[in-house]
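Only one structure is covered here, and it is reproduced in the block below.
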Number of protein chains: 2
Amino acid sequence: MSSDNPKRKLFSHFAALARVLGNEHRLELLELLAQGAQPVEVLTARTGISFANVSQHLQQLRKAGLVTGGRRGKNIVYRLQDGPVVEAVSALRALAEHNMAEVRDVVARYFDEIDSLEPVGAGELLSRLESDSVTLLDVRPADEFRSGHIPQARNITLAALEGRISELPEGREIIAYCRGPYCVLSFQAVEALRARGFAVRRFKEGFPEWKAAGYPVETA
Amino acid sequence: MSSDNPKRKLFSHFAALARVLGNEHRLELLELLAQGAQPVEVLTARTGISFANVSQHLQQLRKAGLVTGGRRGKNIVYRLQDGPVVEAVSALRALAEHNMAEVRDVVARYFDEIDSLEPVGAGELLSRLESDSVTLLDVRPADEFRSGHIPQARNITLAALEGRISELPEGREIIAYCRGPYCVLSFQAVEALRARGFAVRRFKEGFPEWKAAGYPVETA
DNA sequence: AGTACATTCAATAATTCTCTTGAATGATCC
DNA sequence: GGATCATTCAAGAGAATTATTGAATGTACT
């Protein structure tokens with residue numbers, strides 16, 4: 001009834017946007033791009049999705065205005081478009097965690113089991129950094145670290161962690177972070193470091209959420 | 001790579017949830033349910049979608065944990081499940097408005113044209129209500145008003161507005177609101193009242209957003 | 001108990017989405 | 001200028017999604 005033509009049109013656009021978010025590969029691509037711009041090649045390698053398929057997904061993301069692609073040398077580099085992309089995905093995640101029984105199950109069974117300690121929120125992390133009372137560990141790949149990270153963070157890839165463990169000061173709490181709240185890297189880092197007797201907690205979110213919330217970011 | 005089994009599983013759930021949001025009819029049903037619980041019958045009438053189809057969409061929403069359905073007398077009444085449903089849809093809308101060119105077009109062409117005045121935000125509305133310096137008009141159907149509205153609001157349906165226009169005090173600003181930011185009812189009310197010389201503005205959002213933000217709500 | 005009513009279920013056709021394959025484009029490098 | 005490389009395009013098979021129809025369920029009313 002009431003033949004709301006323009007509202008209907010808007011809702012259909014909103015739905016189309018939700019469908020763009022409604023694919024696990026595209027969500028993963030968005031997560032990667034939220035760490036920093038990347039050429040298609042790297043996205044292919046890092047996700048394990050086939051080349052042409054990544055390209056097609058990127059195209060859908062671009063058509064929806066979520067990413068932009070530009071040529072840099074031989075590669076076409078995609079980056080997140082300005083706008084509340086991270087926020088929208090976070091809202092989706094929050095809804096899923098709250099309302100979907102299966103999601104609560106996976107989180108409880110898998111993640112809470114590895115790390116039962118309460119993770120550190122952004123506000124607390126910031127004040128701990130300001131008082132210099134904590135060592136912050138970024139376990140993402142080096143290029144993602146380079147294109148943006150939380151100030152004072154040290155970048156030690158998970159693969160390199162075993163070998164460089166002596167670089168970490170003892171007797172000081174370590175906080176580890178990663179791409180997002182369920183990035184497995186930081187969970188594994190926490191597990192590995194705890195086994196060596198370090199006091200480690202995870203940052204509750206990841207770099208993109210930190211940045212989207214307006215906290216300071218360092219590039220180098 | 002990195003075979004993130006549990007993260008992949010979560011992402012696939014997030015994507016599934018996004019797909020549930022990725023249908024205009026379901027978005028519309030959610031908007032209606034955000035006004036208050038309704039039996040399938042009313043949802044059918046109010047959306048114009050066929051009966052069986054509404055039922056199937058509701059089932060998908062229920063399976064995703066976004067709504068619950070319970071029998072009340074002869075009817076089965078659906079209501080929004082607890083959780084950040086309104087917030088997620090709002091985030092989706094914000095993203096669409098910011099990043100999708102087509103959405104910006106529709107908004108500019110259609111909505112901004114009818115009402116070029118800056119709408120009133122929630123904070124301002126609250127303080128205007130507290131100082132009793134404004135008449136608040138709820139143009140939704142009576143049953144939606146009854147199951148929850150902004151305090152001090154008067155309910156005059158759009159259809160009844162012409163006939164009851166004398167009830168509105170003159171020389172006092174009117175603020176109209178509705179189901180959500182793009183609910184056409186409030187735009188039409190604004191248009192009709194302005195034609196009669198009233199000073200009218202719209203509330204920027206709708207009742208569900210007001211409620212979800214934690215502002216006071218009246219039921220009667 | 002039986003009828004009426006609101007809703008769901010089941011089956012189907014039409015449409016859309018996804019991935020794969022192989023060819024096409026377009027920039028770089030020698 | 002030709003070879004090479006990264007990416008996109010185009011086509012097609014397979015799967016999922018959607019709306020419609022008509023039957024099935026289960027509660028309420030008399």
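Remember, predicted model here, so these are calculated numbers, not experimental data. Every chain is numbered from 1, with letters handed out A, B, ... down the list of sequences.
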### Query
Below 4.0 angstrom from OP1 or OP2 of D/dT7, is there any side-chain N or O of A/Asn75?
yes
### Message
Within the 4.0 Å heavy-atom criterion, would you say A/Glu24 contacts the bases, only the backbone, or no part of the nucleic acid?
### Response
nothing
### Message
Using a heavy-atom cut-off of 4.0 Å across all strands, would you classify A/Arg26 as base, sugar-phosphate, or nothing?
### Response
sugar-phosphate
### Message
I want to check one thing: is the phosphate of C/dC17, taken as OP1 and OP2, less than 4.0 Å away from some side-chain N or O of A/Gln60?
### Response
no
### Query
After noting the C-alpha distance and the side-chain angles of A/Gln38 and A/Arg46, does the key distance pass the side chain to side chain contact (heavy atoms under 4.5 Å, CB included) rule?
CA-CA 10 Å; A/Gln38 293 286 14; A/Arg46 221 154 263 186; 3.4 Å; yes
### Summary
In whole angstroms, the gap separating C1' of C/dA24 from CD1 of A/Ile76 amounts to 14 Å
### Query
Quick one: does B/Gln59 reach the base of C/dT7 with a side-chain donor-acceptor pair under 3.5 Å?
no
### Query
How many Å lie between CG on B/Leu17 and P on D/dT17, as a whole number?
13 Å
### Task
Name the nucleic acid region contacted by B/Gly73, choosing base, sugar-phosphate or nothing; use a 4.0 angstrom heavy-atom cut-off, strictly under.
sugar-phosphate
#### Entry: Among D/dT7, C/dC19, C/dT7, the one nearest B/Pro39 by side-chain distance
C/dT7
### Query
Whole-Å distance between C/dT7 P and B/Arg72 CZ?
12 Å
### Task
Answer yes or no: is there an ion pair linking B/Arg201 with B/Asp115, defined by an N-O contact shorter than 4.0 Å?
no
### Task
State, without any angle test, whether A/His149 and A/Glu218 hold a side-chain donor-acceptor pair at a distance under 3.5 Å.
yes
### Task
Look at the side chain of A/Ala52 and decide which nucleotide, out of C/dT8, C/dT20, D/dT20, has an atom nearest to it.
C/dT20
### Summary
Quick note, B/Gln56 side chain, CB onward, closest among C/dC19, D/dT7, D/dA19 is D/dA19
### Task
To the nearest Å, give me how far apart NZ (A/Lys74) and C1' (D/dT8) are.
17 Å
### Task
Write down the distance between CD (B/Glu41) and P (D/dA28), rounded to a whole number of angstrom.
15 Å
### Parallel, tilted or perpendicular, as decided by the 30° and 60° cut-offs, for the rings of A/Phe203 and A/Tyr177
perpendicular
## Note on the structure
Between CZ of A/Arg19 and P of D/dA16 the distance, given in whole Å, is 17 Å
### Phosphate OP1/OP2 of D/dT7 contacted by A/Arg71 side-chain N/O (<4.0 Å)
no
### Message
Looking only at side-chain N and O atoms, does B/Glu31 offer a donor or acceptor that is under 3.5 Å from a partner on B/Tyr182?
### Response
no
### Query
So, are B/Glu167 and B/Arg154 salt-bridged, with charged N and O less than 4.0 Å apart?
yes
### Which residue lies more 5' along DNA chain C, comparing A/Ser50 with B/Leu58 via nearest heavy atoms
B/Leu58
### Task
Give the rounded distance in Å between these two atoms: CG of A/Leu27 and C1' of C/dC17.
15 Å
### Message
Looking at A/Asn53, I'd like to know whether one of its side-chain N or O atoms comes within less than 4.0 Å of OP1 or OP2 on C/dC19.
### Response
yes
### Summary
Rounded to whole Å, the CD-P distance (A/Gln38 to D/dT7) equals 11 Å
### Message
Side-chain N or O of B/His57 versus OP1/OP2 of D/dT17: is the shortest distance under 4.0 Å?
### Response
no
### Message
OP1 or OP2 of D/dT8 versus the side-chain N and O atoms of A/Ser55: is any pair under 4.0 Å?
### Response
yes
## Note on the structure
Checking C/dT8, D/dT8, D/dA19 against the side chain of B/His25 (C-beta onward), the nearest is D/dA19
### Query
Quick one: is A/Tyr78 getting a side-chain N or O under 4.0 Å of the D/dA6 phosphate, OP1 or OP2?
no
